[in-house]
Undergrad: 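Just passing along the structure, written as C-alpha cells.
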Amino acid sequence: MPLISNPTTQILEHVLRFRDQRHDLIAANLANASTPGYRAFDLALNQALGDGPLSLQGSDPRHFATQSAASGRTVASNAPARLDGNNVSLEDELLKLLENRTLYQTAFELRDRLASLTGLARDVR
Amino acid sequence: MSFFTSLQVTGSALAAERLRVDLASANLANANSTRSVEGGPYRRRDAVFQATPLENGFGSELDRAVRAVTVPQIVIDQSPPREIFNPGHPDADERGIVQLPNVSVVEEIVNLRTAQRAYEANLSALGVSREMAQRALRIGRTA
C-alpha cells in the first residue's frame with residue numbers, strides 16, 4: 001500500500017474540503033437567521049465516499065474541475081418558514097455546526113495517524 | 001472559499017444584530033419622547049436585513065448560496081403615534097391630546113431577545129470557525 005498519495009489521503013482531503021465548505025454554508029445560514037425571506041441551504045455529498053474513485057463533479061459541463069470546485073451540491077432546505085418567510089432554525093443549524101466540526105476534526109485526526117505511519121516507515125528504513 | 005469566508009459572513013451578522021440591538025434600545029429609550037429633530041413625537045426605527053452574496057466569489061453555486069447580511073436601509077415606522085389625554089402637558093394640542101411615539105415596549109423587548117439569541121448563535125459559529133482554522137494550521141506538525 002503506498003503511504004504517500006494513497007486513496008485514504010485523497011478521501012480525507014475530499015472530506016476536509018467538503019466540511020470546510022459546509023461550514024461556510026452553515027455560518028451563512030446562522031448569519032441570515034434574522035433576514036426576512038431567507039431560505040436555508042445545506043451541502044450534500046455528490047456521491048457516497050465508498051462509490052468508486054472520487055472525482056469532482058460539476059452540474060454543468062462548462063464547470064471547471066478545479067481544486068476549489070464545490071465538493072458537494074447545495075440543497076435548499078424545505079423546512080417550514082416563519083411568518084417573515086425565513087426558514088432558518090437556530091437549533092438545527094447549531095447542531096449541524098457541531099456535527100460538522102466534529103467530523104472535520106476526525107478527518108484531521110485520521111490524517112495525522114496516517115502521517116505518523118509514514119514517519120514510522122521512514123524510521124524503519 | 002476559506003476560513004475568511006465564514007469569518008466575513010459571521011462578522012456581518014454580528015454587526016447587523018448589534019445594530020438591531022442598538023435600534024431597539026434607542027426605541028425603548030425614546031418610548032416617551034414627545035419631541036424630535038424631525039418635529040412631532042419620536043418614531044420607531046427598524047433595520048432592513050438583506051442577504052447579500054460575497055463579492056470575492058467566483059459565481060459558483062456554492063458562492064451564491066453563502067451570503068452575508070447587509071443593512072441597506074434603516075426605516076422609520078410610519079404607523080400613527082399613540083395618543084393620550086393630558087391637557088397639562090406642554091406638547092398637548094388644543095383638545096388636550098399628547099402624541100407619544102409609536103413604540104411598543106413589548107415588541108422592542110422581543111426584538112432585543114431575538115437579536116441577542118441570533119448574536120449568540122453567530123458567536124458560536126465564530127468559535128467553531130476559529131477552532132477549525134487553528135486545527136488546519138497544525139497540519140503536518142507531529143502530534
Undergrad: Is there any residue in residues 75-91 of chain A with a non-hydrogen atom under 4.5 Å from a non-hydrogen atom of chain B, and which ones are they?
TA: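 Expected list: A:Leu90, A:Glu91.
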Undergrad: Between A:Leu30 and B:Val21, is there shared hydrophobic-cluster membership here, with clusters defined by ILVMFWY side-chain heavy atoms closer than 4.5 Å?
TA: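 Hydrophobic grouping puts A:Leu30 apart from B:Val21.
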Undergrad: Does the A:Asp24 side chain pair with the main chain of B:Val66, one donor and one acceptor, at a distance under 3.5 Å?
TA: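 No; zero donor-acceptor contacts below 3.5 Å.
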Undergrad: What are the residues of residues 111-130 of chain B, in order of number, with any heavy atom under 4.5 angstrom from a heavy atom of chain A?
TA: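 B:Arg117, B:Ala118, B:Ala121, B:Asn122, B:Ser124, B:Ala125, B:Val128, B:Ser129, listed by number.
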Undergrad: Yes or no on side-chain contact (heavy atoms from CB on, under 4.5 Å) for A:Arg101 and B:Arg135, after CA distance, side-chain angles and deciding distance?
TA: CA-CA 10 Å; A:Arg101 178 196 67 168; B:Arg135 188 66 190 83; over 6 Å; no
Undergrad: Can you tell me which portion of A:Leu94 sits under 4.5 Å from chain B's heavy atoms? Options are side chain, backbone, both or neither.
TA: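 Contact with chain B: side chain only.
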Undergrad: What is the distance from atom CD of B:Gln50 to atom OH of A:Tyr38, rounded to the nearest 0.5 Å?
TA: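 Rounded to the nearest 0.5 Å, the CD-OH separation comes out at 13.0 Å.
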Undergrad: Kindly give the heavy-atom pair with the smallest separation between A:Thr35 and B:Ala51, and that separation in Å.
TA: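 Taking A:Thr35 first and B:Ala51 second, the nearest heavy atoms are CG2-N, 3.5 Å.
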Undergrad: I'd like to verify something: which residue of A:Ala33, A:Ala27, A:Ala28 has the highest number of heavy-atom pairs under 4.5 Å with chain B?
TA: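 Option with the greatest count: A:Ala28.
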Undergrad: Honestly curious: do B:Phe4 and B:Leu14 fall in one hydrophobic cluster under the side-chain, below-4.5 Å linking rule?
TA: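 Same hydrophobic cluster.
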Undergrad: Can B:Leu54 be reached from A:Leu25 by stepping across I, L, V, M, F, W or Y side chains whose heavy atoms are under 4.5 Å apart?
TA: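 Yes, because A:Leu25 and B:Leu54 connect within a single hydrophobic cluster, where side-chain heavy atoms sit under 4.5 Å apart.
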Undergrad: Can you tell which part of A:Ser34 gets under 4.5 Å to a heavy atom of chain B, answering side chain, backbone, both or neither?
TA: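 For A:Ser34, backbone and side chain are both near chain B.
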Undergrad: To the nearest 0.5 Å, what is the distance between CD on A:Gln105 and CD on B:Glu131?
TA: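 Answer for the CD-CD pair, A:Gln105 versus B:Glu131, is 5.0 Å.
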Undergrad: Provide the closest heavy-atom pair for A:Phe108 versus B:Ala136 in the form atom of the first, atom of the second, distance.
TA: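 Closest heavy-atom pair between A:Phe108 and B:Ala136: CZ-CA, 3.5 Å.
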Undergrad: If the condition is side-chain hydrogen bond (donor to acceptor under 3.5 Å, both in side chains), which residues does A:Thr106 pass it with, not counting sequence neighbours?
TA: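 Partners of A:Thr106 under the side-chain hydrogen bond (donor to acceptor under 3.5 Å, both in side chains) test: none.
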Undergrad: For a 4.5 angstrom cut-off between non-hydrogen side-chain atoms, does B:Arg67 reach A:Phe41?
TA: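 The answer is yes, as the side chains (C-beta and beyond) meet within the 4.5 Å cut-off.
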Undergrad: I need the contact set between residues 68-106 of chain B and chain A: heavy-atom distance under 4.5 Å, sorted by residue number.
TA: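 Those residues of residues 68-106 of chain B which have a heavy atom under 4.5 Å from chain A are B:Ala68, B:Val69.
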